[in-house]
Structure formats: structure tokens, C-alpha cells
2 protein chains.
Amino acid sequence: MANIKEIARQAGVSVSTVSRVLNNHPYVSEEKRNRVMDTIKQLKYARNMNAVHLITGRTMNIAIMLPFVNHVYFSALMEGVGKGALSASYRLILCQTGYSQDKEREALDMLRNREVDGIVVLSSSISPTEIEAYCAYGPVVCCQDAGERRFSSVYINHTEAFRKAIRYLIRKGHRHIGFTVGRMDSPSTEARLIAYREMLEELGEPYRKEWILDRCLDIEDGAAIMERLFVMKERPSALLVTGDHVAAGLIYEAERRGVSIPEELAVIGFDNHPIGRMLGLTTIDNQLLQMGEMAFAILHEHIEGTQTAPVRHELDFELIERASV
Amino acid sequence: MANIKEIARQAGVSVSTVSRVLNNHPYVSEEKRNRVMDTIKQLKYARNMNAVHLITGRTMNIAIMLPFVNHVYFSALMEGVGKGALSASYRLILCQTGYSQDKEREALDMLRNREVDGIVVLSSSISPTEIEAYCAYGPVVCCQDAGERRFSSVYINHTEAFRKAIRYLIRKGHRHIGFTVGRMDSPSTEARLIAYREMLEELGEPYRKEWILDRCLDIEDGAAIMERLFVMKERPSALLVTGDHVAAGLIYEAERRGVSIPEELAVIGFDNHPIGRMLGLTTIDNQLLQMGEMAFAILHEHIEGTQTAPVRHELDFELIERASV
DNA sequence: ATACAGGATGAAACGCATTTCAGAGCAAGC
DNA sequence: GCTTGCTCTGAAATGCGTTTCATCCTGTAT
């Protein structure tokens with residue numbers, strides 16, 4: 001309940017001196033410093049950070065916008081951002097949007113409202129152009145390639161990664177390749193389609209809409225894929241699965257049904273999650289942890305002012321060969 | 001950049017009127033309300049929430065303290081808390097502690113510093129007694145049973161749940177039962193040991209230290225259990241595994257090594273995670289989502305002042321019979 | 001005509017810590 | 001002896017929105 005004024009009064013100094021003690025400024029005599037610190041302890045004084053935020057114009061909070069927390073992809077990214085934030089003494093404010101555009105705008109508004117010093121967008125449903133409008137109020141970093149923008153981004157080149165996975169499958173003799181996506185209209189799906197179409201062209205294969213399996217987000221969606229494959233007249237011999245958890249579900253269900261992997265169905269996952277390592281899943285490591293850390297690092301530079309121009313940082317990816325192809 | 005004073009000046013009204021418009025108070029004439037709203041739009045005014053927080057003494061933020069975000073148990077709990085927070089317009093500030101006591105105190109200090117209106121502790125390393133000291137500064141809700149305390153808690157009765165699982169195993173003919181834990185000195189481990197010792201007594205079985213497998217947190221730890229079982233002279237015929245992910249690792253590895261489940265090894269998981277449903281894992285549903293939601297609901301009541309006394313809310317659990325026993 | 005309730009409005013106090021500025025005291029340098 | 005440059009200190013301005021209180025006005029009840 002006590003405030004800085006009360007401390008000053010009881011310690012017999014001015015509020016400025018108390019503030020100096022609080023902030024470890026030099027130029028306070030040992031004697032007064034001790035007196036102030038004693039009074040602080042006696043009165044169990046705790047600073048009202050809201051006043052600090054108001055006067056300094058900084059909150060040491062950053063917002064992290066994502067559709068849902070309970071998903072391995074976002075957990076990993078979040079872990080990375082959190083790691084960076086922790087070591088720089090920033091706090092993370094969770095903005096779980098469920099891809100609701102209103103919620104997303106609400107999150108971005110925190111920047112306008114000075115509630116946060118910056119925001120990292122893991123995934124959003126509103127357009128990059130709309131996000132761009134918020135750059136006037138503070139730094140924004142996105143974990144998706146959004147092209148040349150007024151905000152920074154950290155991403156992996158999904159087209160390139162997909163191309164690499166496809167090439168690998170072709171080298172292994174596959175011509176009938178399908179893939180799964182989380183949602184059809186996401187930027188990464190778009191990026192993947194580019195590489196996919198390229199491949200079809202090259203192999204002279206037709207575009208089979210049903211080989212692009214939509215709404216594959218978690219392990220059970222993965223298990224459900226088998227059923228979807230069984231009802232197809234023509235089945236792909238290989239599947240690129242976005243997410244090791246989805247792939248794990250698929251592999252499990254394949255085993256249960258006696259479909260042998262990789263002989264009857266080759267699978268490549270994404271994310272390089274522990275579950276994939278355990279299952280011997282060939283996967284693309286897309287460096288989620290590093291991406292999160294890098295996102296924070298860049299945001300931090302923007303906040304500190306050491307970097308004012310938006311940066312686009314493309315991360316490497318790596319094909320990890322295991323036993324599912 | 002504009003502030004309420006500037007809006008007032010340009011709209012030709014007082015700051016009080018602007019504030020009233022901002023907060024949808026009645027008693028503002030239609031005409032002035034419109035004038036103010038127009039000016040707000042023109043100047044692209046955004047409220048400085050830090051000033052609001054300072055004057056109102058509330059931030060609409062709550063802290064959520066947990067060791068790591070990248071873990072299914074905490075993800076599920078967090079999802080629940082987040083759900084509640086969202087619908088009550090509260091923000092979640094993530095305090096990832098890694099069980100560092102300093103970090104935990106830092107999180108609790110946010111309460112003293114008025115940075116948050118309340119805090120929910122999912123799991124902590126510091127003692128309940130130390131947490132209790134912070135209750136003077138604001139409401140705290142823990143997701144573990146800490147006995148009669150000055151803070152509220154939401155929990156499941158781990159002893160009871162364990163007992164139920166053990167009874168079930170005994171009914172199925174098992175006498176040699178082991179179990180896994182995340183860390184040996186956690187409150188839930190203690191609770192489980194009570195039921196476990198009871199069972200040993202009843203069956204007249206000796207306490208075999210090696211049948212309590214420590215440090216089992218994720219899927220790979222689960223897979224590693226098989227190796228640990230193989231080097232034992234005597235092996236348990238059934239294992240209670242804390243976490244469906246750990247159990248999934250174990251099941252997978254058992255299959256790989258040709259150990260049939262449940263014939264050679266029966267397994268009961270915890271958490272009722274989708275991965276367990278997929279694998280036909282018998283498990284105890286400990287209502288993580290509901291626990292998170294309930295934790296927030298109680299915290300909310302404390303913040304609103306509708307509930308001032310600490311409450312202890314014990315949640316039900318449910319044994320879900322599937323094929324692993 | 002009088003009283004009273006309620007709508008509408010603005011001035012001012014309030015919440016609290018940081019920072020600038022001015023000034024005092026004192027030592028070192030010329 | 002005088003200037004320069006620290007060290008140390010406090011008064012006051014600052015950041016910005018909310019809320020209380022007093023006041024004025026208008027319509028309705030008596």
C-alpha cells in the first residue's frame with residue numbers, strides 16, 4: 001500500500017532519492033541509500049509497475065499472437081520466443097485467437113494501447129496488409145514469409161523445403177505423391193502448392209485434388225488419413241505430412257491396418273518432433289525453436305532501436321532421413 | 001500520440017466527457033458523443049492503457065506460472081485457463097519458470113507490483129507456505145492440492161485416482177505393479193506413493209525401489225522405459241504411467257521389441273490425451289481442461305470479490321477402459 | 001408556483017514513479 | 001584565489017485517464 005512518497009517521508013529524503021535507490025542510480029550517499037532500503041523493507045514497499053509503465057512508456061511485455069496454445073507446432077515456437085524473452089527480461093502476453101479476426105485485431109491493438117512493447121505473430125488469419133497498418137505503433141515480427149513489408153519476418157522457405165522433400169521422394173522412385181495441410185488457404189499451403197505443381201508438371205502427372213488432404217492438424221487427424229486413402233480409387237505412394245504428430249497418427253494407423261511403411265506408403269513429416277524420432281520418421285526439421293528465438297531477437301532489436309528497418313530472415317531447414325521413405 | 005486532453009480540446013468538450021464517451025457512460029448528449037467519436041477517429045486516438053491501469057488499479061492481466069510451455073500436461077491446463085480468461089476478457093501473462101525458484105518468486109512479485117490482478121500456479125518448486133505469503137497482495141489459485149491454505153486450489157485427488165487404477169489392475173490379476181513419475185519430490189508423487197504403499201501392504205509385496213521409474217516426462221522417456229525394464233531381474237507386470245505421451249512411447253517401444261501389451265505388460269496412462277485414445281490406452285482422465293477453466297473461474301471470483309474465502313475444489317477423475325490392461 | 005429527481009457537463013483531485021533542472025558542497029587543477 | 005568538474009540532493013514537471021463533486025438545466029410531481 002505504501003508508495004514512494006511515503007518511503008521518502010519516513011526515510012527523511014526526497015522522492016527523487018528514493019527513485020534513485022530503486023533504480024540503482026549512482027550519486028546516492030551510502031547513508032541515505034541504507035536509510036531508504038531499510039524503510040522499504042519495513043513498510044514492505046513494492047513498486048507500482050503501472051506507474052513505471054506509464055511514465056517510461058515501456059512495459060517490458062510483448063504479445064505473442066497464435067491461434068491455439070495446445071498444439072505442438074505453436075508450443076515449440078512459443079518455447080523459443082519464451083526463451084529469448086526470458087533472457088532479456090521480457091514477459092509474454094498470450095493472445096490466443098482461434099483465428100478469429102476480431103481477436104487478432106484485439107491483440108494488435110495492445111500495441112496501439114501501449115500495453116506491449118512489441119508483438120510476434122506466429123500465425124494469423126488477417127492479411128499482412130492489415131498487420132502492416134499497426135507498424136506505426138510498434139514493432140511487429142511475423143513467423144511467416146509475407147514478402148516485403150513494413151514488419152520483419154522470420155520464416156523457412158516452404159516452397160524450397162517442399163521441393164527438397166519431393167525431390168527426395170522422386171529419387172526414391174515415387175511419382176504419385178500427395179500431401180496434407182492444416183488449412184487450405186494458409187500462406188504455407190500456397191507456398192507448398194507451388195513446388196507441388198512444379199513437380200506434377202515435371203512428372204507429367206495430373207493434379208488430383210483428393211490427394212491434397214485438408215484439415216490435418218493433430219495426431220487423430222493423422223490416423224483418419226488411412227481411412228481417407230482407402231476410399232480412393234487411385235492412391236498416392238507417398239505422402240508429405242505437415243507435422244510429425246499427424247504423421248505419427250498416420251503411421252500408427254497404417255501399422256494397425258497392416259499397411260507397411262515405407263513399402264506401401266512412404267511418409268515424410270515436418271517439424272522434427274521427438275515423436276518422429278521415436279517412430280523413425282523421415283522429416284524436415286524446420287527449426288521451430290530457433291525460429292521463435294530469432295523472432296524474439298529481431299523484435300528485441302526493434303524495441304531497443306538497434307534495428308529500425310524491417311528484416312526478413314530466412315532460416316535453413318534440413319531433411320532428416322530415417323526409415324519412413 | 002494524441003491523448004485525451006487533445007481530444008477534449010479539438011472536440012470542444014472537457015476531458016471528463018471524453019472519458020465518459022470512452023467508457024460508454026450514459027449522461028453524454030448525443031451531439032457531444034458524436035463530436036468526440038469523430039475526433040477520436042480523425043486523430044486515430046488510442047487510449048494509453050498504462051494510465052488506465054494506474055488509475056483503476058486493475059490490469060485485466062493474470063499471470064500463469066508453469067515450468068515449461070512445451071509439454072502436453074501444461075498445454076492442456078493452459079488451454080483451459082486461457083479459455084476462461086478469454087471469455088472474461090482477461091489476458092494471460094506467461095511465466096515460464098523451469099522450476100527456478102527465483103523465476104517463481106519473480107512471477108509472484110508481479111502480484112505485489114500490481115502488474116497482474118491474480119495468478120494461477122500450475123506447478124511450482126517453492127513451498128505452499130512461501131506462496132501463501134503473497135496472498136496479501138492478490139488472489140492466487142493453485143492447480144495442486146496444498147491442504148488448507150490462504151489461497152484456493154483446484155486439483156484431483158491423486159491418491160484416490162492412483163488407488164482406483166491399482167484396484168483395477170489387481171482385479172485384472174496383477175500383483176507386480178510399478179509406476180513412473182516426472183520428479184520424485186513432487187506433491188503428486190507423494191500422493192501416489194500413499195496409495196502405492198497401501199497396495200504393497202495389502203498384497204504383502206515388498207517395496208521395490210527400481211519399480212518406481214523417475215524422470216519420465218515425455219514420449220522419449222517413455223520409449224526408454226523398455227530398456228530400463230529389460231535390465232531388471234524382476235519385472236513388473238503392470239505399469240502406471242503418468243502421462244499418456246510417456247505411455248505412448250512405452251507402447252511403441254514395446255511393440256517394436258515384440259513385448260505384447262497387455263499380455264506381457266499392462267499399462268495405464270494419465271491425462272486422457274488424444275494420443276492415448278488412438279493407441280487404445282487405458283487411462284485416467286484427470287480433467288485437465290476443466291481444471292484450467294475452474295482455476296480461472298475461481299480466480300475470477302476472487303478478483304471480482306464475489307468469493308473472498310479460499311476454496312478447495314476437488315475435481316472428479318475417470319478411469320477410461322481401453323485395451324492396454 | 002415549488003420542489004425534486006435526474007440528465008449533462010467541467011474542474012480538479014487522484015494514482016505513482018521518473019526525470020530534468022537547478023543548486024549546494026567539495027576537491028582538483030591552474 | 002578562481003575555475004572546472006564531480007557528487008549529491010530535492011523541487012517540480014511529466015505521463016494520462018478516471019472519478020468525485022459541484023453546478024446548471026429541464027421536466028415532472030405536488
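Below, chains carry the letters A, B, ... as their sequence lines are ordered, and counting in each starts from 1. All of these numbers come straight from a predicted model, not from anything done at the bench.
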Phosphate-side-chain proximity, A:S29 and D:dT9, N/O vs OP1/OP2 below 4.0 Å: yes
B:T17 vs C:dG10: side-chain N/O to OP1/OP2 distance below 4.0 Å: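 Yes, B:T17 has a side-chain N/O under 4.0 Å of OP1/OP2 on C:dG10.
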NZ/NE/NH1/NH2 to OD/OE distance under 4.0 Å, A:E132 and A:R149: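 Looking at A:E132 and A:R149, the cut-off is met.
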Cationic N near anionic O, under 4.0 Å, B:E106 to A:R91: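 Salt bridge between B:E106 and A:R91, a charged N being under 4.0 Å from a carboxylate O: yes.
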Interatomic distance, [X] [atom1] vs [N] [atom2] [rounded to whole Å]:
X      : N      : atom1 : atom2 : answer
A:N24  : C:dT18 : CG    : P     : 11 Å
A:Y27  : D:dG10 : OH    : C1'   : 17 Å
A:I7   : C:dC16 : CD1   : P     : 12 Å
A:L54  : C:dC14 : CG    : P     : 17 Å
A:E30  : D:dT7  : CD    : C1'   : 14 Å
B:R114 : C:dC14 : CZ    : P     : 18 Å
A:M60  : C:dT18 : CE    : C1'   : 16 Å
A:R33  : D:dT9  : CZ    : C1'   : 13 Å

Per-nucleotide protein contact string for nucleotides 17-22 of chain D, where B marks a base within reach and S marks sugar-phosphate only (heavy atoms under 4.0 Å, - for neither): BBBB--
Distance (rounded to the nearest 0.5 Å) between A:T59 OG1 and A:L54 CG: 12.0 Å
Parallel, tilted or perpendicular: rings of A:H71 and A:F68 (30°, 60°):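 Correct class here is tilted.
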Between B:Y99 and B:S123: side-chain donor-acceptor atoms closer than 3.5 Å: yes
B:Y134 six-ring centre to B:R105 NZ/CZ under 6.0 Å and within 45° of normal: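 Checked: cation-pi criterion not met.
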